[in-house]
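Following: one structure in C-alpha cells, then a few remarks.
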Amino acid sequence: MELSRKNLGIAASLTLEIDAKAKRMKSQGMDIIGFGAGEPDFATPSYIIEAAKEALDKGYTRYTPSSGIIELRQSICHKLLRDNKVSYEPNEILVSNGAKHSLYNIFQAILNPGDEVIIPLPYWVSYPEMVKMADGIPVFVDTLEEENFGMNLDNLKEAITSRTKAIIINSPNNPSGCVYSREQLEGIAQLALEHNFFIVSDEIYEELLYEGAQHLSVASLDPQVRDITLLVNGMSKAYAMTGWRIGYTAGNSKIIDVMANIQSHATSNPNSIAQYASLAALNGPKDIIKDMVSQFDSRRRFMVDRINSIDGISCTTPQGAFYVMMNINDILNRMHNGRVLGGSLDFADALLESKNVAVVPGIAFGADGYVRLSYATSKENIEEGLNRIESFVKELI
Ligand code: PMP
Ligand code: GLU
C-alpha cells in the first residue's frame, strides 16, 4: 500500500543518526572519537535530579494540563522577564516535549500549503524538514563565513516574497556558532513587520556565549515585534537535560492556543516528572551553567587553534553554542585511500572508517564545503581527534 507521499520525502535526522552510530561503535569496544554529539557531555546537575526524585515521591505521576503545569509556565514567564526582558503571561506559554517539539507545533500551527519559510544557511538539520511536514516551502538565504555567518540583510530582502510566512532565526547558532547583533535583529524585525511575517526565534543556546558575546531576544525589541515572534527555548542545552525532553514556546496567545490544541491530540502533556525537574532548574542557581560555559570556552579555543594549525582546513571562531564549522573546501576532490572526497559526506565517511572520528557532514546543514565538530567532549578527546584529523588530511593526495 502506498505510504504518505509527503512524509516519504522526509529525511532522517543526520545529527541523531551519526551520534547514534558513534555511540554504537564505541559500545562495541571501538576506539571512537565522537565530534557529532549535539549535547552537553556534563551530567544533569544534582539539584535537578533531586527535584525529579521528590516529584516521584510526591506522586506527581499523572497527566498534567496538556500545556504544562501552571507553576512551570509561571517560572518560564519569570525567566523570560528576568533574562530576556520580555513580558509574557502563563497563557502565552506552551511547554512541549523538547524545543524540537515546540518548533514542530509552531509550523503546524502557522503554515498553509505553499507558505514560504526563510531559513538562513547553514541551518539546523531539522528546520527544513519540519517546514515541509507542515506543507510549507523552505527558502534558503546565504550567509558568509567572512561575516561570521551573520544575517546579511540584503540577501534576506531578496528572499522575501508575498508568500513569506515566517523566518527562522537561531542565535546563538547551530551549526555556525554565530551570535546575531542588535543591528541584525533590528533589521530582521523591521522587515518582518513591513512584510507581515512571523519570526520564529530558536534561543536554545542562549546560555552558551563566549568572549563577552551578548544574547538578545528579538521579542524584547518592542511590543509589535513581540507580537509576531514565537520564542523557543528549552532545558536541553543550558541544564544538560537532553534526555528529559522539555522545551517551550512563548508567543501571542492566539497562536499558542492553536499549538496547544494540536499538542493535546498528538502527545498530551510533556512528562510530569521532567516538568517538576525543569521548575527546579529554572529557579535554581546559575553558577553551574557558568562552570559548564567556562569549560566549553577553553575547549573551543583549543579546537579553533588546532584546526587552524592544520594545512588545508580552517575555521572561524564561534561566539556561541558548542560547534565549530570546519572548512574543507580546499581539500575536496582530493583522494584518500583511492577514494575521491567529492563532498562533506565522503569526507565524514572516510574519516570515520579510517580514523574512527565522527563528524557531521555540512550537507546536513546545507553547507557541503564544511563538516561540523562539536566540542561538547573532553579536552583529551579533542586533542586526540584533531591529531587523527591532521594525519587524515596529510594522507590526502
Ligand atoms: N534547536 C536547535 C538549534 C538545536 O540544536 C536543538 C538540539 N537538538 C533543538 C532546537 C532541540 O532541542 P531539544 O528538542 O532537545 O530541546
Ligand atoms: N541539536 C543537536 C545537534 O544538532 C542534537 C541532535 C538533534 O536533535 O538534531 O546535533
Side-chain angles (χ1 to χ4, degrees), residues 80 83-86 99-100 102-107 109-111 115-131 134 136 138-144 147-160 164-209 213-222 224-234 237 247-252 255 318-321 323 325 365-367:
L80 291 171
D83 299 349
N84 309 101
K85 312 285 174 277
V86 48
K100 192 180 265 186
S102 304
L103 290 158
Y104 179 85
N105 284 334
I106 289 174
F107 298 116
I110 67 172
L111 295 184
D115 282 350
E116 294 176 355
V117 178
I118 295 179
I119 305 177
L121 281 159
Y123 50 74
W124 178 45
V125 61
S126 293
Y127 296 147
E129 304 308 286
M130 286 187 190
V131 167
V139 173
F140 301 109
V141 171
D142 255 329
T143 64
L144 292 173
E147 295 174 1
N148 282 324
F149 301 100
M151 174 61 77
N152 181 308
L153 292 173
D154 292 327
N155 288 353
L156 174 55
K157 278 180 204 153
E158 273 175 32
I160 297 170
T164 303
K165 191 62 170 285
I167 181 169
I168 307 177
I169 58 177
N170 172 219
S171 173
N173 187 272
N174 174 8
S176 74
C178 168
V179 178
Y180 284 0
S181 64
R182 172 179 285 272
E183 212 181 1
Q184 286 168 344
L185 291 171
E186 283 174 349
I188 296 165
Q190 197 185 331
L191 287 168
L193 287 172
E194 244 170 62
H195 296 271
N196 201 27
F197 57 81
F198 292 111
I199 302 173
V200 178
S201 179
D202 179 349
E203 304 183 13
I204 190 95
Y205 294 99
E206 75 158 324
E207 299 283 0
L208 308 184
L209 295 166
Q214 301 276 326
H215 172 73
L216 179 66
S217 287
V218 69
S220 70
L221 290 177
D222 84 47
Q224 271 184 305
V225 181
R226 175 198 181 281
D227 212 43
I228 57 163
T229 298
L230 292 148
L231 185 163
V232 174
N233 207 329
K237 315 291 169 171
Y248 57 86
T249 311
N252 182 310
I255 309 164
Q319 300 298 302
Y323 307 104
M325 280 296 258
F365 314 107

From CA spacing to verdict: side chain to side chain contact (heavy atoms under 4.5 Å, CB included), V232, I204: CA-CA 7 Å; V232 174; I204 190 95; over 6 Å; no
pair Y323-P318: side-chain heavy atoms closer than 4.5 Å: no
Parallel, tilted or perpendicular, judged at 30° and 60°: which one describes the rings of Y123 and F140? parallel
Minimum heavy-atom distance L156-V141, with the two atoms named: N-CG1, 4.0 Å
Which atoms form the tightest heavy-atom contact between A219 and L231, and what is the distance? CB-CD1, 4.5 Å
Roughly how far, to the nearest 0.5 Å, is the NZ atom of K237 from the CG atom of L208? 9.0 Å
Given 3.5 Å as the limit, does a donor-acceptor pair link the side chain of N170 with the main chain of N173, or not? no
I need the Q190 CD to D222 CG distance, nearest 0.5 Å. 10.5 Å
Can you tell if the side chain of W124 reaches within under 4.5 Å of the side chain of L103, non-hydrogen atoms only? yes
Quick one: closest heavy-atom pair of P122 and T143, and the distance? CD-OG1, 3.7 Å
Which atoms form the tightest heavy-atom contact between L80 and A250, and what is the distance? CD1-CB, 3.7 Å
Return the CD1 to CG distance between I160 and L191, rounded to the nearest 0.5 Å. 4.5 Å
Does a side-chain heavy-atom distance below 4.5 Å link R182 with L221? yes
Does the side chain of S201 pick up a donor-acceptor pair with the side chain of E203 at under 3.5 Å? yes
Can you name the closest pair of heavy atoms from V218 and A189 and give their distance? CG2-CB, 4.3 Å
Residues two or more places apart in sequence or in another chain: which of them pass salt bridge (Lys or Arg N to Asp or Glu O under 4.0 Å) with K165? D115
As a quick check of understanding, evaluate side chain to side chain contact (heavy atoms under 4.5 Å, CB included) for V139 and T164, giving each step before the final call. CA-CA 9 Å; V139 173; T164 303; over 6 Å; no
Interatomic spacing from CE in M151 to CD1 in I188 - rounded to 0.5 Å: 4.0 Å
Find the distance between CD (E186) and CG (L153) and round it off to the nearest 0.5 Å. 10.5 Å
Measure from the side-chain N and O atoms of N155 to the backbone N and O of D142, and report whether any donor-acceptor pair falls under 3.5 Å. yes
Considering only heavy atoms from C-beta outward, does the side chain of I110 approach that of V117 to under 4.5 Å? no
Return the minimal non-hydrogen interatomic distance between F197 and I228, and the atom names on each side. O-CD1, 3.6 Å
Ignoring hydrogens and geometry, is there a side-chain-to-backbone donor-acceptor pair from S217 to S220 under 3.5 Å? no
D202 vs N174, side chain to side chain contact (heavy atoms under 4.5 Å, CB included): CA-CA, chis, key distance, verdict: CA-CA 10 Å; D202 179 349; N174 174 8; over 6 Å; no
Less than 4.5 Å apart, any side-chain heavy atom of I168 and any of M130? no
Exercise: do E206 and N233 side chains pair donor with acceptor under 3.5 Å: yes
Answer whether the closest heavy-atom distance between the side chains of P172 and L209 falls below 4.5 Å. yes
Decide yes or no for I255 and F198: does some side-chain heavy atom of the first lie under 4.5 Å from some side-chain heavy atom of the second? yes
How about CD on Q214, more than 12 heavy atoms from neighbouring residues, nucleotides or ligands closer than 6.0 Å, or not? no
Would you say E147's side chain and L144's backbone share a donor-acceptor pair under 3.5 angstrom? no
With a 4.5 Å heavy-atom cut-off, do N84 and H215 have their side chains touching? yes
In Å and rounded to the nearest 0.5 Å, what is the CG to CG distance from L230 to D227? 10.0 Å
For S171, check side-chain contact (heavy atoms from CB on, under 4.5 Å) against everything at least two apart and list the hits. V179, Y180
Can you tell me if N105 uses its side chain to pair, donor with acceptor, with the backbone of S102 under 3.5 Å? no
